[in-house]
Amino acid sequence: MNDLDQLVQDAQAEFAQASAPADLENAKARYLGKSGKLTEQLKALGALAVDEKKARGALINAAKQQVEVALNARRQALADAELEAQLRAEALDVSLPGRQRGSGALHPVSITLERIEGIFASMGFDVAEGPEIETDWYSFTALNNPENHPARSMQDTFYVDVKDADGKWFNLRPHTSPMQVRYAKAHVAKHAAGMAKGEAMPEIRVIAPGRTYRVDSDATHSPMFHQCEGLWIGENVSFKDLKAVFTDFFRTFFETNDLRLRFRPSFFPFTEPSAEVDIAFSSGPLKDRWLEVAGSGQVHPNVVRNFGLDPERYIGFAFGMGPDRLAMLRYGASDLRQFFDGDLRFLSQFK
Ligand code: DAH
């Protein structure tokens, strides 16, 4: 065997050993690279006599061709192996059952909120939404709940690590009551300019449903829960109207006239007098049990003033109820937290 045959054989052996494309390219460089073994042979031709050069050149070229053939064959083999491995890794088991696309549905609390909105809209109430991250003024001070007043501790509030324009921490609103002030102020701003002197402001009649937050968690409390605020302000709106609105609302909501209502004296800083509202069914599984469903009262003069209205002229009532509670009653759910666990076995029952 001459030296070139040996060289070809060595190259073939090295290529065969390369198990990855990078190894193969390194082996190639050792033969065909700038200072590869075959390249060196070609360079050495220069030193030979003319006729020797011709014969030797032909031999070297033949050897080079053999090396190139071996290289290309190995390249192809490695590429095939790689593709093979990839196909195996991405194998598709066509016998697996297909994934079904589930059909979504409204959350029971959303269904309840829509129901509440629909009923109040039919009684002429507007529906408003507002921010869940609130300033101290809207959540408390504007609602006659001054700084350092013990009434503030009625709510265990979440605070946000950012201060508002008054230098107070923003809070996750503990109730929807700030919306009374936000909506009323906007209402006054909208109508004040176009009103003749002495002309009465159009009535404010609004509900504001939404998420609220408190540091609270047990079977009937969740740190995130819902409230629906209500406000009706005019020149001649009284507790009598509140009772009528509530009676109509609850009878429509629960689809029964077999339902009584009572007002229990209570305290809220933003209303005076204040009352807690209870309902009782006259039949069914909850027969004759008084269930607390809302807080309410006549809006405090200080709050009416913060609306931008004269409390000597404008009066009315506000209320705040818990839609989660109403959903629990309507659906007979026993643990409020189930609504927010995201367990489809529970939620899909409300489709
Ligand atoms: N904001 C009160 C709470 O979170 C509920 C409430 C009570 C709202 C009386 C009112 C009201 O508008 O008049 O417990």
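Counting convention: from 1, in listed order, for ligands and their atoms alike.
Aromatic pair H175/F225: centroids not less than 6.0 angstrom apart. Aromatic rings from F263 and F239 are positioned such that their centres are separated by under 6.0 Å.
Residues M201 and V188 form a side-chain contact, since some pair of their non-hydrogen atoms from C-beta on lies under 4.5 Å apart. The closest side-chain heavy-atom distance from Q6 to N2 is not below 4.5 Å. Proximity of S348 to F346: side-chain heavy atoms (C-beta onward) are nowhere separated by under 4.5 Å.
Each of the following atoms of ligand 1 lies closer than 4.0 Å to a heavy atom of Q227: 3 (C), 4 (O). In the vicinity of G295, heavy-atom distances shorter than 4.0 Å reach the ligand 1 atoms 7 (C), 9 (C), 11 (C). Short contacts between ligand 1 and G297, defined as distances under 4.0 Å to a heavy atom of the residue, involve ligand atoms 13 (O). Close contacts between ligand 1 and T271 involve ligand atoms 13 (O) [criterion: under 4.0 Å to a heavy atom]. Taking a cut-off of under 4.0 Å to the non-hydrogen atoms of Q180, the atoms of ligand 1 that pass are 12 (O). Close approach to F268 involves these atoms of ligand 1, each under 4.0 Å from a residue heavy atom: 7 (C), 9 (C).
Note on ring orientation: taking the six-membered ring where Trp is involved, the planes of F350 and F339 are tilted (angle from 30° to 60°). Ring planes of F250 and F246: tilted class, angle from 30 to 60°. Between F120 and F249, the two ring planes are parallel [angle under 30°; tilted spans 30° to 60°].
With respect to atom 8 (C) of ligand 1, the closest heavy atom belonging to the protein is G320 N, 3.4 Å. Distance from atom 4 (O) of ligand 1 to its nearest protein heavy atom, with residue and atom name: R214 NH2, 2.6 Å. Atom 12 (O) of ligand 1 has as its closest protein heavy atom E229 OE2, 2.6 Å. The protein heavy atom nearest to atom 2 (C) of ligand 1 is F270 CZ, 3.7 Å.
Nearest-heavy-atom check against atom 1 (N) of ligand 1 across A208, A275, P269, S177 picks out S177.
The salt bridge (charged side-chain N to carboxylate O under 4.0 Å, His left out) test with E134 singles out one residue from R211, R182, R173, and that residue is R182.
Taking 4.0 Å as the cut-off, M321 does not count as a neighbour of ligand 1 on heavy-atom distance.
On a distance-only criterion, F319 and ligand 1 share at least one N/O pair closer than 3.5 Å. Checked by distance only, ligand 1 and P174 stay at 3.5 Å or farther apart across all their nitrogen or oxygen atoms.
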